[in-house]
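Contents: one structure, followed by commentary.
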Amino acid sequence: MAPRFPILSLDERRLTPALGFIFDARWLLPGESIVSILWKFARANGLPGHALVRLMGADIEPYEGVEPMRDAVDVKHLRRTLLLPGKVLHASLLDAGQRGRHHPAFRYCRQCVLLGHHSVTYQMFSENRCPAHQRKLETQCHRCGRETPYILNASLVGSPYRCAQCGELYATQSPPAFAAKPAMRKEHRIAIARHFHNRMAGSFCLGKDERNL
Ligand SMILES: [Zn+2]
Ligand SMILES: [Zn+2]
């Protein structure tokens, strides 16, 4: 379903949206990755990948991109534009201190991607399965067999829920763009939230609030 509101025009220098962005924090689960956040943002606002990559910092070349790391991305600027709490963005990015423990390719659960979710934990070498669906995390496209580098560039950010190499959807269909209710079942949302908090709460200083799931 196509968005019913107009495609926003961006001031290319300041990247200020002329009409205001639409985003609802309720679309996110704890530990939602920056890529997942940007895909939701891109679809809700009809924005191309290169415009979103520019939000990561003034000096970033969109087609080259930037590593999704806390020290590489301008979190303050991102927070102002996406109007998301700093801790949500902080949690969505990888910790530079953990360099080398992250998968260099985009890694996904096929069931989660069908429902529009990708967790920051899926990028970690220490994780092998989705905590909700128990599926093995995958990196390859089912059509072309290639992997997509986990770099915030126009190619990855501009290919929501699809292989950035060949355009094939990672799941059987695109997740709904503006679902009023969460697409994922409650027990699965809780499993993902709990897993994220158990794994990451210490390093992210997050509470254990699961009330809004
Ligand atoms: Zn899953
Ligand atoms: Zn492919």
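Numbering of ligands and ligand atoms starts at 1, following listing order.
Nearest N/O/S atom of His133 with respect to the Zn ion (ligand 1) is recorded as ND1.
The Zn ion (ligand 2) lies at the vertex of an angle of 110° between the SG atom of Cys144 and the SG atom of Cys163 (rounded to 10°). With the Zn ion (ligand 2) as vertex, Cys141 SG and Cys166 SG subtend 100°, rounded to 10°.
Closest approach of Val53 to Gly65, counting heavy atoms only: CG1-CA, 4.3 Å.
In this structure, Arg26 places its CZ atom where only 12 or fewer heavy-atom neighbours from other residues, nucleotides or ligands lie under 6.0 Å away.
Between atom CG of residue Asp95 and atom CZ of residue Arg101 there is a gap of 9.0 Å, rounded to the nearest 0.5 Å. In this structure, OG1 on Thr139 lies 14.0 Å from OH on Tyr150, to the nearest 0.5 angstrom. Atoms NE2 and OG1, from His142 and Thr172 in turn, are 10.5 Å apart once rounded to the nearest 0.5 Å.
Note on Cys109: counted as a metal contact of the Zn ion (ligand 1), an N/O/S atom lying under 2.8 Å. Counting backbone and side-chain atoms alike, Cys130 contributes an N/O/S atom closer than 2.8 Å to the Zn ion (ligand 1).
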